[in-house]
Amino acid sequence: MFKSSKNENSSQLPLITITDSSESTIPYVDDDDDDAEIDAYNDNVINNADDSSSSDDNESLRFGKKLGLSSGGSGVDLSVIVRLDKSTKQQSDTQLDEYDIPEFMHHLPGFVIRMKNVDETLMSKSNSLPAGLNRYCQEDPLRHPRHVPECYRYARRKRVVDDISGSVTISIPEKTIPTIQIEKPEEESDDELEIHGKRRDRFRTRRRASIAPLPALRLNDKEMLASDFDAYSVASNQASITSVNSLASLLREKMQAFPQMIRKKKRETKDYKIKIFVIIMFFMIIFLIGFAYVGYHRKILTYSYFEKIKFNSNDRILRILSHDEKEVISGLLGKTIGMDTKPYHCLEDHRKQDGSVCMEWNGIARLYMNFQDMDVFRCYTIHWQSLSVHNFPTDCYELRRNNGLWFGGGMTKSNEWSLSNDNFDFAPFSSGDLKVHQFGNGVKRYFINSIGVAIQVNDKTPLHVSVNTTKNEFCLRAKNDDFTFVNRLTELPELDYKICTTEDMKSLHMLMTQKSLWDGLKEADMEVIYSLIQEPVWRTPHDGNIESLNETTIYNYSEDLIAMGLPLGHILVNEFWQENMGDFTVDTNRFPNLNKTIDLLHRRGFKIVFTIQPFISTDSDNFKEAVRKKLLIYERHSERSIPALTRYKSSSSVGVLDITNNASVYWLKEKLERLKAEYKVNSFYLDLGTGYNLPHYYQCRQTLDNPDMYAKLFTESLESVGFIGVSTASTVPKPPAFLSTPPINSSWAGLKEVMSTVLSYGVIGYPFVLPGAVGGDYAMNKTMSKMISFYSMGEPPLPDEELYVRWLQLMTFMPAMQFSQLPTYYKGDYVKNLAKDLALIRQQNVIPVLRKCLSESMNEGLPLVRPLWMLDPHDPACLSISDEFSLGEMLIVAPILEPNVEEREVYLPQGVWKDGIDGSLRKGSRWIHNYKVPKDKIAFFTKMPDNTRF
């Protein structure tokens with residue numbers, strides 16, 4: 001009897017229960033409840049379940065005919081629906097034999113077949129039946145005809161459950177039959193059909209599933225193989241019903257479906273590849289469009305104007321490439337201009353006729369760029385013109401380590417060897433006092449990078465410089481102020497500079513600093529240079545009081561020099577040789593017989609040098625004369641009626657000669673020539689102060705570009721008079737003049753400052769540098785709030801012996817030596833003998849190298865004292881070393897700059913080097929660790945020929 005029910009725990013498919021006389025219950029899951037017609041049939045069966053047992057003739061409404069098989073009091077109601085594949089939709093009922101319906105079922109009374117269009121077949125060649133039915137099915141079907149349909153139906157139901165990968169519990173109310181749970185292997189999960197939702201027909205046929213390997217079985221919650229299940233079955237899987245027709249039908253079906261499967265797989269594979277191809281092409285198109293957009297906006301100017309410069313006018317990023325297409329400098333131009341402001345090409349009236357590119361930001365600024373190709377050298381000119389009083393043209397360049405180290409400009413307040421390690425806000429670029437101002441007494445608008453790029457700024461630019469290591473940028477700005485750049489050379493500030501590149505730093509430095517120093521040089525001038533290299537400068541000692549210097553002081557000092565046995569040289573007399581600063585006549589009260597004393601010193605082999613300044617004390621008679629003749633600098637806006645006053649050293653109130661006035665130059669030269677003629681003075685030392693020593697509201701007859709122009713004009717005006725040194729410079733003075741280092745404190749920090757200052761001045765193009773006195777120029781422990789030039793300071797106390805010895809060792813390898821306190825001032829003969837040994841080293845090892853490099857410096861502007869990277873610009877170790885230096889390319893010096901230290905690390909560039917202490921040969925391009933340097937020695941190494949063998 002049929003009974004229909006649903007699962008109480010979930011909304012699963014309807015269950016149809018088949019009941020036989022033995023009360024066995026076999027649940028059956030309808031395999032096509034998504035079909036509305038079959039659902040209707042199932043509902044009909046459920047609604048008529050109670051009446052089915054008494055009405056054998058009850059017919060199903062649409063799709064099946066109930067077949068009554070009555071035998072005594074028991075009966076099985078069986079409705080059979082045969083599903084056919086779509087391909088057989090049009091076949092007649094007479095062809096149903098091909099679908100392997102068992103022969104005996106055709107003879108069953110009342111058996112009716114209804115065709116339904118589906119994608120799969122129902123037949124199977126083999127099934128395993130529960131024990132309740134297996135005993136009937138294995139016997140002769142004719143013996144139990146009423147159970148044959150039930151056997152067939154169970155085989156079908158079993159096959160459906162396997163195919164949909166469901167989990168069905170088969171329950172027979174016999175104590176010997178256990179509950180069995182059938183599970184499908186996980187690898188077939190892709191082909192599973194849901195039981196709880198709508199289930200769709202699968203391409204894979206049930207006939208195929210019927211012969212597939214049996215899945216794993218679970219018996220009483222214990223998993224077991226199909227073979228193990230045979231122990232609990234009356235008959236094994238091998239005893240299942242098999243039909244020859246079923247096997248033939250299966251093979252025929254497979255042959256028919258095989259081409260369709262191949263075509264479908266090909267179509268699916270092809271569709272999959274097409275989708276991937278379309279996606280890849282889509283992203284490639286997006287990438288190419290974006291790349292083209294960025295490339296257009298970033299590179300169009302590169303191809304339009306220059307070859308190795310890349311500039312985008314919208315974001316104003318400038319990138320300059322080397323010959324091998326590597327980036328050497330990168331920066332942001334016009335940093336003060338908002339990014340939302342777009343440029344346009346200049347009008348014809350604003351364009352230059354030299355081929356410059358012109359761009360303008362309306363009402364803000366105008367930019368000119370030009371290019372000059374000089375074979376291996378390429379120079380790019382950047383010229384900003386401000387169009388607004390609120391805009392200050394500012395360009396910033398990166399300080400990245402992989403883009404090299406920046407040097408130049410001059411010595412800065414922090415005494416850093418490289419600008420890349422410095423950090424300061426925008427400051428006027430002018431010479432000053434390092435204790436108060438950002439830059440020292442020697443400056444030059446020239447900056448060079450270790451990978452071969454240099455920047456040179458026009459002298460007319462009101463230049464401010466900033467280095468910010470936090471933002472990693474080095475900035476140039478054009479801005480007028482109320483002192484340094486008070487003279488507005490243009491209505492609005494202009495930033496004008498050029499960037500040059502080449503293969504390496506050394507050759508670029510030669511290009512940028514190349515200035516022949518031979519022009520107008522006399523033989524006497526060359527003799528002065530040689531004498532400064534070979535002989536020391538002896539500066540007369542004083543205690544800051546003018547009365548401390550007289551004839552006796554000078555004479556006794558010369559006696560000490562002669563007794564010491566060191567080479568004689570130049571005796572430098574400070575400004576106290578005159579009664580008042582600016583008298584330009586000898587104070588006869590303290591020097592009644594100075595001409596005779598000087599004559600004596602000449603006979604002994606000394607040369608006499610007087611210190612002069614452009615400052616005239618208000619106590620001097622020359623001040624009144626200069627005011628009357630309008631020879632002084634005047635207060636601004638005073639119509640040249642009020643002289644501008646300042647303070648300098650021992651004089652609290654001084655006027656300044658207007659060197660732009662030809663009358664002032666003539667007046668001064670006349671007095672100096674008279675002095676030389678009367679006292680047989682050999683030369684002068686120009687103590688010009690710095691740019692900040694000019695009166696604050698200065699006004700010259702001719703407008704100065706900046707305060708440093710004063711020192712430049714002064715030295716150029718007095719070249720014919722002759723001088724051996726200048727205290728400040730913004731351009732290289734004509735030889736034989738040396739640039740002096742600023743006054744240095746007598747301390748270990750001062751010793752380091754000497755070395756870094758000499759190296760910095762050499763980098764910016766000053767080949768001849770005169771260091772301060774051995775042991776220091778002054779002694780001051782407190783922090784000064786004013787410039788040193790505002791103080792009248794005497795000689796420092798005698799320094800510590802170790803400090804003096806290390807200072808003397810360093811000075812031995814400098815271009816020139818200067819003394820104030822003598823080695824004989826120390827007790828004992830240790831310092832005196834050491835000074836003689838060092839004098840011998842200088843005579844034998846240093847002076848020959850200096851003389852050899854002299855012509856190179858005169859021709860190419862290369863310094864005598866050089867940083868190691870000038871020996872090998874491609875060696876990264878040489879870039880960062882600031883406590884070693886070389887003389888030319890033949891001598892390397894590694895001094896001791898710390899107290900109580902007798903060993904250090906030494907780096908030797910490529911080549912073979914001879915140790916100056918023990919005479920051993922050492923190979924270059926390597927470090928020497930823990931190199932021993934006793935107190936009485938200094939480490940130096942002489943380069944040997946390349947073919948030298950160890």
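The first residue in the sequence is number 1, and the count goes up from there. Values in this document were obtained by computation on a predicted structure and should not be read as measured data. Hydrogens, waters and symmetry mates play no part in the numbers below; they use all other heavy atoms, side chains included.
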Exercise for the section: Look at E856 together with R866 and state whether they make a salt bridge at an N to O cut-off of under 4.0 Å. Expected result: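 Yes, this pair counts.
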Handout entry: E494 and K460 ion-paired at < 4.0 Å
Key =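 So E494 does not pair with K460 through a salt bridge.
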Supply the atom-to-atom distance [X] [atom1] to [Y] [atom2], rounded to the nearest 0.5 angstrom.
{"X": "E473", "Y": "S466", "atom1": "CD", "atom2": "OG", "answer": "7.0 Å"}
{"X": "L713", "Y": "S664", "atom1": "CG", "atom2": "OG", "answer": "12.0 Å"}
{"X": "K471", "Y": "E398", "atom1": "NZ", "atom2": "CD", "answer": "14.0 Å"}
{"X": "M411", "Y": "I764", "atom1": "CE", "atom2": "CD1", "answer": "10.5 Å"}
{"X": "S430", "Y": "H464", "atom1": "OG", "atom2": "NE2", "answer": "10.0 Å"}
{"X": "L332", "Y": "M339", "atom1": "CG", "atom2": "CE", "answer": "4.5 Å"}

Kindly give the heavy-atom pair with the smallest separation between [X] and [Y], and that separation in Å.
{"X": "P462", "Y": "N480", "answer": "CB-ND2, 3.8 Å"}
{"X": "I499", "Y": "L318", "answer": "CD1-CD2, 4.3 Å"}
{"X": "L704", "Y": "N487", "answer": "O-ND2, 3.3 Å"}
{"X": "F474", "Y": "V467", "answer": "CD1-CG2, 4.0 Å"}
{"X": "I724", "Y": "S683", "answer": "CG2-OG, 3.1 Å"}
{"X": "V665", "Y": "I659", "answer": "CG2-O, 3.4 Å"}

[X] (side chain) donor-acceptor with [Y] (main chain) under 3.5 angstrom:
{"X": "T394", "Y": "A478", "answer": "no"}
{"X": "S386", "Y": "N391", "answer": "yes"}
{"X": "D525", "Y": "L521", "answer": "no"}
{"X": "N362", "Y": "P343", "answer": "no"}
{"X": "T502", "Y": "G452", "answer": "no"}
{"X": "D422", "Y": "E416", "answer": "no"}
{"X": "R445", "Y": "T461", "answer": "yes"}
{"X": "Y761", "Y": "F768", "answer": "no"}
{"X": "S727", "Y": "L688", "answer": "yes"}
{"X": "N693", "Y": "T690", "answer": "yes"}

Contact check, side chains of [X] and [Y], non-hydrogen atoms, under 4.5 Å:
{"X": "L718", "Y": "L686", "answer": "yes"}
{"X": "D395", "Y": "K335", "answer": "no"}
{"X": "I382", "Y": "D496", "answer": "no"}
{"X": "V453", "Y": "I329", "answer": "yes"}
{"X": "V328", "Y": "L321", "answer": "no"}
{"X": "F684", "Y": "V721", "answer": "yes"}
{"X": "L871", "Y": "C878", "answer": "no"}
{"X": "P393", "Y": "T336", "answer": "no"}

Parallel, tilted or perpendicular: ring planes of [X] versus [Y], cut at 30 and 60 degrees:
{"X": "Y698", "Y": "F483", "value": "perpendicular"}
{"X": "W361", "Y": "W384", "value": "tilted"}
{"X": "Y692", "Y": "H437", "value": "parallel"}

Practice task
Compute both the distance and the angle, then confirm whether K479 meets the cation-pi test with F485: under 6.0 Å from the six-membered ring centre, within 45 degrees of the axis.
Solution key: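 Not satisfied by the 6.0 Å and 45° rule.
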Exercise for the section: Check whether NZ of the Lys or CZ of the Arg R477 lies under 6.0 Å from the centre of the six-membered ring of F392 and within 45 degrees of that ring's axis. Expected result: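 Here R477 fails the 6.0 Å and 45° test against F392.
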Practice task
Could you walk me through whether T646 and L694 pass side chain to side chain contact (heavy atoms under 4.5 Å, CB included), step by step?
Solution key: CA-CA 7 Å; T646 186; L694 290 179; over 6 Å; no
Exercise for the section: Please test L632 against D658 for side chain to side chain contact (heavy atoms under 4.5 Å, CB included), starting from the C-alpha separation and ending with a verdict. Expected result: CA-CA 5 Å; L632 302 178; D658 185 358; 5.8 Å; no
Using only heavy-atom distances, determine whether the side chains of [X] and [Y] contain a donor-acceptor pair under 3.5 Å.
{"X": "T731", "Y": "K444", "result": "no"}
{"X": "Y397", "Y": "N449", "result": "no"}
{"X": "Q385", "Y": "R366", "result": "yes"}
{"X": "D708", "Y": "S730", "result": "no"}

Exercise for the section: Take F738 and Y766 through the test side chain to side chain contact (heavy atoms under 4.5 Å, CB included) and record every step on the way to the result. Expected result: CA-CA 8 Å; F738 280 53; Y766 294 100; over 6 Å; no
Take atom [atom1] of [X] as the centre, draw a 6.0 Å sphere, and report whether it contains more than 12 heavy atoms from other residues, nucleotides or ligands.
{"X": "Y697", "atom1": "OH", "result": "no"}
{"X": "M284", "atom1": "CE", "result": "no"}
{"X": "K352", "atom1": "NZ", "result": "yes"}

Practice task
Kindly determine whether E670 and E673 satisfy side chain to side chain contact (heavy atoms under 4.5 Å, CB included), including the steps that lead there.
Solution key: CA-CA 5 Å; E670 184 182 21; E673 292 291 349; 6.0 Å; no
Handout entry: Among T660, L668, V726, the one residue meeting side-chain contact (heavy atoms from CB on, under 4.5 Å) with F714
Key =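 Output: one option passes, namely L668.
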Exercise for the section: Check L739, T741, L864 against V758 for a side-chain contact (heavy atoms from CB on, under 4.5 Å) and give me the one that passes. Expected result: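 Going through L739, T741, L864 one by one, the side-chain contact (heavy atoms from CB on, under 4.5 Å) with V758 is satisfied by T741 alone.
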Problem - Check against side chain to side chain donor-acceptor pair (under 3.5 Å), D687 and Y648 - result: CA-CA 10 Å; D687 183 10; Y648 193 72; 2.5 Å; yes
Problem - F439-F429 aromatic ring centre distance below 6.0 Å - result: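 That pair passes the under 6.0 Å test.
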Problem - Proximity of W406 and F447 rings by center, below 6.0 Å - result: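 Ring centres of F447 and W406 not closer than 6.0 Å.
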Exercise for the section: Applying side chain to side chain donor-acceptor pair (under 3.5 Å), run through Y368 and D354 and close with a yes or a no. Expected result: CA-CA 10 Å; Y368 296 95; D354 59 355; over 6 Å; no
